[in-house]
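Following: one structure in structure tokens, then a few remarks.
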Amino acid sequence: MADADDPELLPGMVRATVKASQAKARATKARKAAEAEPAAVDPVARVLVDVPLPHLDRTFDYTVPVAMADTAVPGARVKVRFAGQDVDGFVLARGAESDHTGRLAPLRRVVSAEPVLHPQIATLAGELAERYAGTRSDVLRLAIPQRHATTEKEPSAPAGPWAHDAAAGEAAWVDHQPGPAFLRHLATGGSPRAVWSAAPATDWPALVAHAAAATHASGRGVVICVPDGKDVARVDRALIAVLGEGQHVTLTADAGPARRYRDFLAISRGARRIVVGTRGASFAPVDDLGLVVIWDDGDDLHAEPRAPYPHTRETLLLRAERESAGALIGGFVRTVEAAYLLRTGWAQEIAADRAEVRRRVTVQLAGTETDRARGGRIPREVHLAVRDALETGPVLVQTPRLGYVNILACERCRTPARCQVCLGPLALAGPATPPACRWCGTVDEAWACAECGHRGLRAPILGDARTAEELGRALPNTRVRTSSGDTVLATVSAAKQVVVATPGAEPVAEGGYAAVVLLDTWLLLSRIDLRAGEEALRRWADAAALVRPGGRVVAVGDPAHPTLQALVRWDPAGNAERETDERLAAHLPPASRLATITGDPGAVDDAVTLLAAPASAELLGPVAIDGRGAEGESRIVVRVPRAEGPDLSRALGELQRLRSARKLDAVRIQVDPPTL
DNA sequence: GCTAACTGAGCA
DNA sequence: GCTCAGTTAGCG
């Protein structure tokens with residue numbers, strides 16, 4: 001260095017360029033000095049850097065140059081030099097000094113002074129990262145939308161005036177007790193928590209809107225999460241009807257970056273206090289949160305498919321606890337997780353009484369063995385019921401999605417064909433091949449039905465198009481429409497018509513359907529899954545609930561099946577209790593905490609030896625998993641009693657930090673996977 | 001993840 | 001004694 005500082009020692013030819021570069025270096029140095037001149041107040045910024053590595057999920061201190069003193073506020077996006085490159089980060093806090101012993105690097109740039117990361121969301125990200133054994137930066141990627149500079153320059157319009165009609169809210173809730181008391185509690189600043197089983201034919205978006213209005217009346221904010229955009233639109237309309245325009249915003253993934261950021265900012269800046277959206281909205285930084293609402297928490301759309309895979313219900317319940325807000329877990333059915341909240345006394349029950357439910361709907365079963373043997377898909381009595389109901393209004397027919405269950409069934413009694421080795425579903429790999437298990441690959445040449453002994457197999461005839469065709473033939477002068485896949489109808493008019501829809505794609509009918517028909521219920525039940533029963537009832541009830549008050553529901557299926565019996569009795573609570581008992585007996589969630597570790601077989605083995613799991617932990621597997629880009633991977637399940645859940649999460653987090661620090665092959669960890 | 005520092009092999 | 005590819009620690 002001393003030599004280079006003295007140009008006389010260098011040959012003349014290069015002297016000029018050296019001088020020029022030295023002048024440049026001096027200028028850079030001077031600029032750097034100015035930049036590095038630390039702010040007078042709180043010159044240290046604690047920065048969370050956006051790197052995906054678990055062992056780097058901690059804050060790093062940087063000095064705040066005086067030029068950034070006012071913009072590098074907590075919550076602001078910044079660029080910092082990290083490991084020799086520029087990375088994004090958030091300022092978590094400012095402070096007078098650092099506990100880092102070395103020299104601090106200056107912040108490189110304040111991307112924007114907009115404080116998009118609120119303290120309560122930063123804390124939430126930390127707790128979720130810990131629970132799901134992931135990183136805060138992964139959670140924040142889900143929580144904070146992409147910045148849109150143009151949008152950020154515009155101010156957020158303040159909310160206009162509004163009035164609270166408490167009487168209207170209580171009237172709307174009167175059939176669901178103690179709903180009115182729940183609303184009063186919210187309106188007076190309380191934070192009640194309830195699991196709400198909506199009666200069929202309930203205009204649930206309106207009730208949710210009234211709960212939001214009651215909370216709003218107490219001067220607090222509301223977060224409402226629903227499964228999909230169709231539901232967001234319904235609640236949006238209901239909020240407008242109850243509170244007027246401009247009191248709330250909607251947050252959906254498909255809104256486009258500008259719109260999304262604008263609505264996020266309206267919440268972040270406190271210009272709006274009520275938000276309704278899909279799962280991403282669960283992170284909305286609503287000021288002074290008073291109520292969280294989740295509708296239909298069993299819908300798998302509430303399960304985030306990106307790491308660390310947080311579930312909307314868990315995110316919202318955690319926020320309700322931490323931010324002392326009320327909670328409303330609503331649906332036409334009840335998940336075992338919601339039932340558990342009642343069992344533990346965390347929440348109270350809100351439901352309609354038996355008489356009210358009976359006034360609203362009658363559910364009948366149709367389809368006897370003789371009907372089936374005749375080979376007709378739609379039993380005669382269903383045809384009659386449809387014709388009958390069409391006299392007074394539209395009819396909804398739910399039919400399982402084509403390819404939803406790619407399995408074979410007994411030709412005679414329609415019991416799904418299962419593998420003798422592992423109970424997996426049998427399927428045909430191709431024409432003229434014997435049936436084989438889709439899970440373990442075992443070929444079963446000599447299959448015979450376990451129920452009736454019959455040896456013939458058939459692929460079920462399915463699909464909304466087939467059903468629509470069959471109904472169209474039977475009802476020559478009736479309009480038959482379909483709603484499924486890419487062409488989902490949101491609503492239909494009150495006109496007399498038949499709407500054939502796949503589960504989840506049922507349109508809402510103006511005034512409700514005169515009748516709802518559920519076809520091929522056995523197919524939804526044949527899914528061999530942890531949640532098959534719960535999921536089947538959810539899909540039936542969500543369709544059946546679209547009936548008009550006093551309407552009729554006809555389900556085609558086996559009257560002996562307990563899940564269908566729960567539908568007939570309209571007893572989501574009983575079904576959840578039964579499912580919960582089964583889960584308890586089988587040591588499955590919510591009585592236990594489960595986690596899966598997936599990856600290369602070697603890496604998974606290795607991870608298990610490194611995992612300092614609680615002593616009570618059970619390891620199930622590893623098993624090889626196939627299909628969908630998981631070639632040659634294996635998976636192990638770790639199970640602990642619920643009370644040890646936090647210990648397991650901590651151990652899994654520690655495992656990920658250890659593995660990333662040592663640069664071992666990555667493994668994917670999922671805590672409480674929605675399905676196994 | 002990335003960079004920068006470190007290591008030792010290979011060669012003058 | 002030096003370069004350089006390969007390795008690895010640590011990131012403020």
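Predicted model, so just to flag it, every value in this text is computed and none were measured. Each chain gets a letter, A, B and so on, in the order its sequence line appears, and its residues count up from 1. FYI, side chains are in, hydrogens and waters are out, and symmetry mates aren't considered; it's all heavy atoms of this structure.
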Report each atom pair, protein N/O against N/O of nucleotides 7-10 of chain C, whose distance is under 3.5 angstrom.
from: C:dG10; atom 1: O6; to: A:Lys663; atom 2: NZ; distance (Å): 2.8

When the distance from CZ of A:Phe60 to C1' of C:dG12 is rounded to whole Å, what number comes out? 7 Å
What's the CG-C1' distance between A:Asp61 and C:dC11, to the nearest Å? 13 Å
Please work out if A:Phe82 contacts a base, only the sugar-phosphate, or nothing of the nucleic acid, heavy-atom cut-off 4.0 Å. base
Please work out if A:Leu53 contacts a base, only the sugar-phosphate, or nothing of the nucleic acid, heavy-atom cut-off 4.0 Å. base
Decide, yes or no, whether a salt bridge links [X] with [Y] under the criterion of side-chain N to carboxylate O below 4.0 Å.
{"X": "A:Arg531", "Y": "A:Glu535", "value": "no"}
{"X": "A:Asp297", "Y": "A:Arg313", "value": "yes"}
{"X": "A:Glu114", "Y": "A:Arg147", "value": "no"}

Comparing A:Arg81 with A:Val51, nearest DNA chain B nucleotide closer to 5' gives the residue A:Val51
Heavy-atom contact window of chain A on DNA chain B, given 5' to 3' at under 4.0 Å: B:dG1 to B:dT3
Partners passing side-chain hydrogen bond (donor to acceptor under 3.5 Å, both in side chains) against A:Gln670 (at least two apart in sequence or in another chain): none
Relative to the ring of A:His311, is the ring of A:His302 parallel (under 30°), tilted (30 to 60°) or perpendicular (over 60°)? tilted
Side-chain donor or acceptor of A:Asp228 paired with backbone N/O of A:Lys230 under 3.5 Å: yes
Testing A:Arg77, A:Lys79, A:Arg136, A:Arg141 one by one against A:Asp50 for a salt bridge (charged side-chain N to carboxylate O under 4.0 Å, His left out), which residue passes? A:Arg141
Could you check A:Arg639, A:Arg593, A:Arg642 and say which one makes a salt bridge (charged side-chain N to carboxylate O under 4.0 Å, His left out) with A:Asp672? A:Arg593
